[in-house]
Number of protein chains: 2
Amino acid sequence: MVMPAPAVSGTGGAAPGTVGDVRRSNLALVLGSIAEFPPGTCPSRAQVAAATGLTKASVSSLVLDLLDAGLIREVGLNPQGRGRPGVGLELNPSRAVMGMEINVDYISAAVVDLTGKVLIREVKERDNRNSAHAPVLAALAALAVRVRSSAGERGVEVLGGGLAVPGLVDPARARVLTAPNLGWVDVDLDLDALLPEAPLGVALFNEANAAALAELRDRPDGASDFLFVSGEVGVGGGIVIGSELFTGPEGHAGEVGHIVVDPDGGHCSCGGTGCLETVAGQDAIFTAAGLVPDTGSRSASMSALLQALKAAEPGPVTAVERAGRSLGIALASAARVVDIQSVVLGGHFALLEPWLRAPLLESLGKYAPGKYAPEQVTVSAVGEAGALLGSAGSVIRSLMEAPHRLHA
Amino acid sequence: MVMPAPAVSGTGGAAPGTVGDVRRSNLALVLGSIAEFPPGTCPSRAQVAAATGLTKASVSSLVLDLLDAGLIREVGLNPQGRGRPGVGLELNPSRAVMGMEINVDYISAAVVDLTGKVLIREVKERDNRNSAHAPVLAALAALAVRVRSSAGERGVEVLGGGLAVPGLVDPARARVLTAPNLGWVDVDLDLDALLPEAPLGVALFNEANAAALAELRDRPDGASDFLFVSGEVGVGGGIVIGSELFTGPEGHAGEVGHIVVDPDGGHCSCGGTGCLETVAGQDAIFTAAGLVPDTGSRSASMSALLQALKAAEPGPVTAVERAGRSLGIALASAARVVDIQSVVLGGHFALLEPWLRAPLLESLGKYAPGKYAPEQVTVSAVGEAGALLGSAGSVIRSLMEAPHRLHA
DNA sequence: TCATATAGTTCAAGCAATGAACTAAAGCTT
DNA sequence: AAGCTTTAGTTCATTGCTTGAACTATATGA
């Protein structure tokens with residue numbers, strides 16, 4: 001028997017529902033409906049009413065609130081054929097959100113409008129390895145100020161932002177628990193200092209999770225359930241289920257890099273044994289391939305590896321094949337635990353896919369037959385900027401889901 | 001930055017919210033509040049108002065609906081000290097739900113009132129191994145009729161039911177996808193025939209998932225996030241996060257039995273290789289222990305094993321230790337994927353816990369250090385009847401969350 | 001007996017969605 | 001060009017919900 005999902009549901013025992021909640025819910029419904037029309041369509045109020053199931057009267061009133069909040073704007077006319085033309089509605093192009101990222105080799109910031117279009121993007125190289133967090137954040141704040149003001153010059157207001165960090169985070173407390181490659185442990189961040197006065201503040205994300213969310217937005221196949229595997233220095237992951245990031249009770253789900261792939265394997269930086277990361281992390285692949293990992297320039301090491309692979313050098317090829325098989329084992333186990341049937345390869349796994357794919361599929365077939373169809377093992381659609389854009393996208397999405405937070 | 005959870009939220013783009021949704025939400029809030037008062041307390045309307053944050057006026061009106069629906073009843077007076085005594089409210093003890101289970105060796109049914117108290121429970125031994133499903137269901141239907149009418153004689157009305165089955169299910173389509181030990185593949189069930197005319201119908205559950213839900217209800221530590229591992233002929237599991245069963249996109253999450261624990265291991269009935277089940281399933285342990293698995297009476301085999309363990313016979317001891325270590329590997333991987341930090345051992349794992357515990361903890365420490373504290377590895381609080389009671393409990397819970405389904 | 005305190009109900013008010021009636025603005029017909 | 005048809009959007013009375021204040025009911029304590 002199927003339980004019908006109520007259109008409006010309580011939080012599960014906490015606060016009483018009021019009629020105001022209905023309005024908030026419908027505000028999000030209308031805004032989401034406008035956003036989901038094909039780009040450039042600019043639906044009329046009547047079309048929104050038809051799409052949402054609300055009456056024209058309700059939509060008119062809700063649209064008024066959204067206009068007041070500056071989230072949408074009216075744009076030209078929209079002839080329907082016979083009758084009176086509708087007034088087009090679209091997301092306000094002068095409202096935006098800032099994505100930010102701190103990574104090992106760089107910091108970056110981007111301004112993304114509500115439709116997801118990247119208006120500005122700046123990357124600043126910076127060696128953050130084992131750097132204290134204060135100067136890194138100061139540099140990022142400076143970058144944010146610059147980017148924000150150049151958005152302001154174009155008439156674009158930044159409403160809020162998201163910051164992606166390569167490590168375990170506690171988003172609720174704005175705290176980085178561990179970021180091994182930055183050398184950070186239990187670092188509290190003053191996020192709001194990055195975007196002073198921004199009405200939505202700044203949210204904190206794990207890098208792989210943010211990248212998974214970016215992937216969700218850009219997927220050509222429109223997949224809403226997948227496991228994103230991010231191959232960086234470490235191996236991270238993000239689980240998307242029902243178009244939502246699945247974070248687990250403490251917010252650290254999807255740590256694919258530390259699934260056990262070889263009980264007799266080597267030690268891992270996490271303290272564990274035989275983790276995927278010890279076989280498929282960048283440094284592990286470099287050393288197994290017989291390359292000296294150039295910690296100063298990882299991208300140089302990576303291009304050396306790719307060249308060696310193209311030259312079919314046996315050492316690198318078998319190293320990558322081994323990584324592929326191990327990745328298959330990890331994904332097989334993950335599939336069983338969270339019941340996911342689709343994988344997106346990101347980071348260096350995307351670059352290595354041509355050599356990785358065959359052993360990976362073979363391994364998946366051996367350890368989890370029938371779980372993943374081969375066409376469900378795909379390469380990331382977003383590039384390096386995944387974490388950057390994903391953190392912005394996530395902030396946009398949470399705004400779309402609760403537009404009343406903007407004064408309305 | 002923390003996103004405040006709205007008290008009433010939309011479904012995510014589907015139906016518009018109406019004022020009626022607010023009432024439905026608050027109806028559930030009031031009912032839940034009454035249920036969560038300590039047993040025997042019988043709160044007054046005023047106490048419910050205080051607990052929920054609703055006004056006395058609203059609570060009065062909502063309580064009236066719940067009384068009409070027969071979900072609660074007024075009971076005696078409730079002196080508060082000084083002023084006018086309140087009228088006690090409690091869950092209606094004459095409304096109940098039926099839990100049902102089909103397993104390898106038996107079928108069973110139980111009537112459970114809305115507080116979770118078991119009123120009637122009947123187990124009927126029956127060898128369902130490789131039996132066609134029709135006669136099994138006919139026998140269960142007969143059992144259900146008997147139990148239901150004997151509840152009726154006590155004035156108890158059965159509102160709906162849940163059926164737990166040892167296999168992969170598709171609850172939405174009332175379909176058993178595979179139940180290896182029953183020999184069922186893609187079996188469609190006519191669930192409503194089990195409880196004709198019951199207003200809530202009959203829901204379908206996976207056995208381990210249902211047991212996990214029973215565990216949730218009975219946990220002495222009140223844990224709301226844990227992984228329940230059910231050791232039966234197969235090894236199943238149920239993941240509880242935030243007091244909700246986590247089912248994954250297709251409803252089959254928590255298949256802990258098929259996590260890879262030994263890439264070089266043997267074949268599994270699932271088609272995979274080196275699954276936990278091939279080391280820690282009942283038959284695997286029996287054979288590794290040097291005991292002949294008596295497929296006719298698994299409980300006999302189990303008591304033989306327990307005796308051998310008590311006698312410290314080396315074969316059985318090492319077999320169980322090996323199972324414990326493998327279980328540790330699987331749980332380490334699962335912890336990384338879903339970020340869970342607490343494990344409940346059920347089924348034969350509960351019986352074997354004294355011998356299993358040390359190698360399990362050692363293995364967890366080796367493969368996922370810091371993830372599980374030793375006191376977070378506990379033994380199931382519900383016994384064999386977990387799946388039976390869990391399926392009933394889940395139906396009760398879904399009723400509590402949507403009481404408007406009952407005519408109100 | 002009366003004051004006080006608490007429980008529960010009644011009722012006017014506010015807010016949200018609704019549906020019907022109405023106004024606005026186009027294309028099409030003759 | 002005038003009028004008909006069609007569609008967009010607004011206005012307004014109605015309904016349903018929660019709320020808060022006023023009110024009634026019923027206990028304890030002085």
Fill in the blank from the handout: Judged by nearest nucleotide, the residue sitting upstream toward the 5' end of DNA chain D, A:V19 or A:S61, is A:S61
Exercise for the section: Among the candidates C:dA17, D:dT19, C:dT9, find the nucleotide nearest to the side-chain atoms of B:L54. Expected result: D:dT19
Practice task
Using a heavy-atom cut-off of under 4.0 Å over every strand shown, decide if A:V87 touches base, sugar-phosphate, or nothing.
Solution key: sugar-phosphate
Problem - Presence of B:N78 side-chain N/O under 4.0 Å of C:dA7 phosphate oxygens OP1/OP2 - result: no
Practice task
Would you kindly give the CG-to-C1' distance between B:L62 and D:dT18, to the nearest whole Å?
Solution key: 9 Å
Handout entry: Test item: B:P93 and B:T115 side chains (from C-beta on) under 4.5 Å apart, heavy atoms
Key = no
Problem - CA sep, side-chain torsions, deciding dist, call: A:T55, A:S58, side chain to side chain donor-acceptor pair (under 3.5 Å) - result: CA-CA 5 Å; A:T55 57; A:S58 301; 2.9 Å; yes
Problem - N/O (side chain, B:S44) to phosphate O (OP1/OP2, C:dG8) under 4.0 Å - result: yes
Exercise for the section: Ignoring backbone atoms, test whether A:S58 places a side-chain nitrogen or oxygen under 4.0 Å from the OP1 or OP2 oxygen of C:dT18. Expected result: yes
Exercise for the section: Could you check how far NE2 of A:H404 sits from P of C:dC15, rounded to whole Å? Expected result: 17 Å
Fill in the blank from the handout: Here the gap from A:R73 atom CZ to A:S94 atom OG, rounded to the nearest 0.5 Å, amounts to 7.0 Å
Handout entry: Length of the CG-C1' vector between A:L29 and C:dA17, whole Å
Key = 13 Å
Handout entry: B:D65 CG to D:dC17 C1', straight-line distance once rounded to whole Å
Key = 12 Å
Problem - Contact letters for nucleotides 22-30 of chain D, in which S counts primed atoms plus P, OP1 and OP2 and B counts the base, heavy atoms under 4.0 Å - result: ---BBBS--
Exercise for the section: Could you tell me whether the phosphate oxygens of D:dG16, OP1 or OP2, come under 4.0 Å of any side-chain nitrogen or oxygen in B:R23? Expected result: no
Handout entry: Residues B:R397 and B:E244 bridged, charged N to O under 4.0 Å
Key = yes
Completion exercise
Rounded to whole Å, the CZ-C1' distance (A:R45 to C:dA25) equals 15 Å
Problem - Neighbour count >12 (heavy atoms, 6.0 Å) for atom CZ, B:R82 - result: no
Handout entry: Gap between atom CD1 of A:I72 and atom CZ of A:R95 - 0.5 Å precision
Key = 12.0 Å
Practice task
Compare all side-chain heavy atoms of A:L216 with those of A:S243 and state whether any distance is below 4.5 angstrom.
Solution key: yes
Problem - First of A:G53 and B:A57 reached from the 5' end of DNA chain C, by closest nucleotide - result: B:A57
